[in-house]
**Student:** 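Handing you a structure now.
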Amino acid sequence: MPSLAARKKQTAAESSASRPALLLDWYDRHRRRLPWRAAAGERADPYRVWLSEIMLQQTGVKTVGPYFEKFLARWPDVGALGRASQDDVLRMWAGLGYYSRARNLHACAVAVLRDHGGVFPGSEEGLRQLPGIGPYTARAIAAIAFDIQTMPVDGNIERVVSRLYAVEEPLPQAKPRIQELAATLLGASRAGDSAQALMDLGSSICTPKKPACALCPLNEDCAARLRGDQESFPRKAPKKSGTLRRGAAFIVTRGDELLVRTRAEKGLLGGMTEVPGSDWLAGQDDKAALKQAPELKGITRWHRKVGVVTHVFTHFPLELVIYTADVAARTRPPAGMRWVPVATLADEALPNVMRKAIAHGLD
DNA sequence: GACGCGTGGCC
DNA sequence: TGGCCAAGCGT
C-alpha cells in the first residue's frame with residue numbers, strides 16, 4: 001500500500017474518487033474515544049448508540065457525558081429503562097434540556113420492550129417508527145450499530161459537506177442536496193465509521209469559526225477552501241429572535257419545605273416540576289403577575305425580592321420577578337400543589353430556570 | 001416548511 | 001456580553 005502522503009497526492013490529482021478512504025484513514029488515526037463508542041473494529045451496542053444519539057440531539061458531547069454514564073449505570077439495557085417510571089427518567093434527565101426527548105426516550109424503550117421483544121429493530125425503516133427517532137437518528141443507529149450503508153446528516157456533516165462542495169443554496173432548503181452529497185462520502189463498507197469520521201472532523205477541524213483546514217484530510221479539493229471563504233458556509237436564512245416575556249414566581253416556604261407543582265404533560269418544560277407562578281407574557285407588569293399568586297391561608301403580604309431572574313429559551317428571553325412568603329406549619333397546599341423538603345429538591349425534576357428562581361427566592 | 005422546544009459554552 | 005452554536009424531533 002502506498003504511503004498516506006502519496007495516496008493523498010494521488011487523490012487530489014484524480015479528483016475525489018477516494019475521499020471515503022482518506023476520511024477513514026484520518027478517523028483511524030484521530031478518532032475520539034467516547035463512552036458510547038465501541039473499540040476499533042467492534043460493533044457498537046444498539047442501546048448505547050441509541051441512548052447517546054438521543055442525548056446528543058442539539059447537545060454537546062461534554063454536557064452529555066455524565067448523563068450518559070448515570071443512565072447506563074441505573075438502566076444497563078433497554079429492558080430496564082422500559083420498566084422504569086417516566087417520572088424517574090425525567091428526574092434523571094433534569095438539567096439536560098429538551099424534555100420531550102426524555103418522554104420519548106422512555107416511550108421508545110417501552111415500545112422496544114413491548115413490540116420488539118426488547119431488541120432494537122435492525123433497519124432504518126424499523127427504527128424510524130419509534131418515538132423520538134427521526135431521519136437523522138434512524139440513519140445514525142443503522143450505520144453505527146448495524147453497519148447499514150446509510151449516511152446520517154447532522155449539523156456537523158451539513159457544515160463539512162456544504163464547504164466541500166461550496167453549496168450556495170441556504171439551509172434548510174439545501175438539506176436534500178446535502179444529504180445526496182454526503183452519501184457520496186460513504187465507502188464500500190464501515191458506514192458507521194464514515195459517519196463518525198465526518199462528525200469528528202466537523203467538531204474538531206471543520207469548525208464553525210476558524211476551521212483548521214491545514215489539518216483536514218480533505219483540504220486538497222475543498223471547494224470553499226479553494227475560494228477562501230470557508231466560514232461563510234453553510235449558507236443560512238437569517239433567524240428572528242423572540243420578544244422578551246415577563247412573569248412572577250412564588251417561593252412559598254412552610255418551615256423547611258417549599259411549595260411546588262407539576263407542569264402540564266406537553267409543551268414548554270412539559271411534565272417538569274415548578275414553583276407556582278404567573279403566565280409568562282410580553283409586556284406584563286409586576287402587578288398583573290402578582291394577581292396570579294396562589295391563595296394560601298395566613299399570607300397577608302408577599303415580599304418582593306430585589307432584582308429579577310433572567311433566562312433565555314430558544315425562542316424567547318424571560319424575566320421573572322420573585323415573591324416570597326412563609327406560612328404556618330400544617331398549612332394545606334392549594335389544589336394541585338404539594339410541599340417538598342428543601343433538602344430533597346435535588347431529586348425533583350426541576351428545569352434550570354426553576355433552580356435559578358428558587359435559588360434567588362431562598363437567598 | 002416553520003415553529004416550539006433547554007441549556008451551557010464560546011468569543 | 002449578547003448572539004451563535006451544539007450528534008434534531010414532533011407537529
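A note on names: the letters A, B, ... follow the listed sequences, proteins ahead of strands, and every chain is numbered from 1.
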**Student:** If the threshold is 4.0 Å, N to carboxylate O, is there a salt bridge linking A:Asp229 and A:Arg227?
**Tutor:** yes
**Student:** Just the rounded figure in Å: distance from C1' of B:dC3 to CZ of A:Phe313.
**Tutor:**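 The distance from CZ of A:Phe313 to C1' of B:dC3 comes to 16 Å, rounded to the nearest Å.
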**Student:** Which part of the nucleic acid does A:Leu96 contact within heavy-atom distance under 4.0 Å: base, sugar-phosphate only, or nothing?
**Tutor:**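 Touches a base.
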**Student:** Where is the tightest heavy-atom contact between A:Ala138 and A:Leu127, given as atom of each residue plus distance?
**Tutor:**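 It is O-CD1, 3.7 Å.
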**Student:** Go through the N and O atoms of the side chain of A:Tyr136 and the base of C:dG8, and report whether any donor-acceptor pair is under 3.5 Å.
**Tutor:**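 No.
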**Student:** Using whole Å, what does the distance between atom P of nucleotide B:dC11 and atom NZ of A:Lys210 come to?
**Tutor:**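 One finds 11 Å between P of B:dC11 and NZ of A:Lys210, rounded.
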**Student:** Using only modelled atom types and a 3.5 angstrom limit, is any donor from either the side chain of A:Thr59 or the base of B:dG6 paired with an acceptor on the other?
**Tutor:**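 Side chain to base: pair present.
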**Student:** Within this structure, what is the NZ-to-C1' distance between A:Lys266 and B:dG6, rounded to whole angstrom?
**Tutor:** 19 Å
**Student:** Take atom CZ of A:Arg355 and atom P of B:dT7, then tell me their distance rounded to the nearest Å.
**Tutor:**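 One finds 9 Å between P of B:dT7 and CZ of A:Arg355, rounded.
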**Student:** How many Å lie between NZ on A:Lys209 and P on B:dC10, as a whole number?
**Tutor:** 16 Å
**Student:** Just by distance, no angles: are the side chains of A:Thr150 and A:Glu124 close enough, under 3.5 Å, to form a donor-acceptor pair?
**Tutor:** yes
**Student:** Rounded to the Å, how far apart are A:Trp280 CH2 and B:dG6 P?
**Tutor:** 9 Å
**Student:** With heavy atoms under 4.0 Å as the rule, sort A:Leu34 into base, sugar-phosphate or nothing.
**Tutor:**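 The residue A:Leu34 makes base contact.
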**Student:** For A:Leu269, which contact category applies under a 4.0 Å heavy-atom criterion: base, sugar-phosphate, or nothing?
**Tutor:**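 Sugar-phosphate: the residue A:Leu269, judged by heavy atoms under 4.0 Å, touches backbone atoms but no base.
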**Student:** When all nucleic acid strands are considered with a 4.0 Å heavy-atom cut-off, which category describes A:Thr137: base, sugar-phosphate, or nothing?
**Tutor:**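 Sugar-phosphate: the residue A:Thr137, judged by heavy atoms under 4.0 Å, touches backbone atoms but no base.
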**Student:** Is the ring pair A:Tyr47/A:Trp50 parallel, tilted or perpendicular, if the boundaries are 30 and 60 degrees?
**Tutor:**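 The rings of A:Tyr47 and A:Trp50 sit tilted, inter-plane angle from 30° to 60°.
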**Student:** In whole Å, measure the gap between the P atoms of B:dG6 and C:dT11 for me.
**Tutor:**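 Nearest-Å result for B:dG6 against C:dT11 at atom P: 14 Å.
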**Student:** Checking all strands, does A:Arg159 fall into the base, sugar-phosphate, or nothing category for heavy-atom contacts under 4.0 angstrom?
**Tutor:**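 Sugar-phosphate, backbone atoms only, no base.
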**Student:** Figure out the CG/P separation between A:Leu56 and B:dG9, and round it to whole Å.
**Tutor:** 16 Å
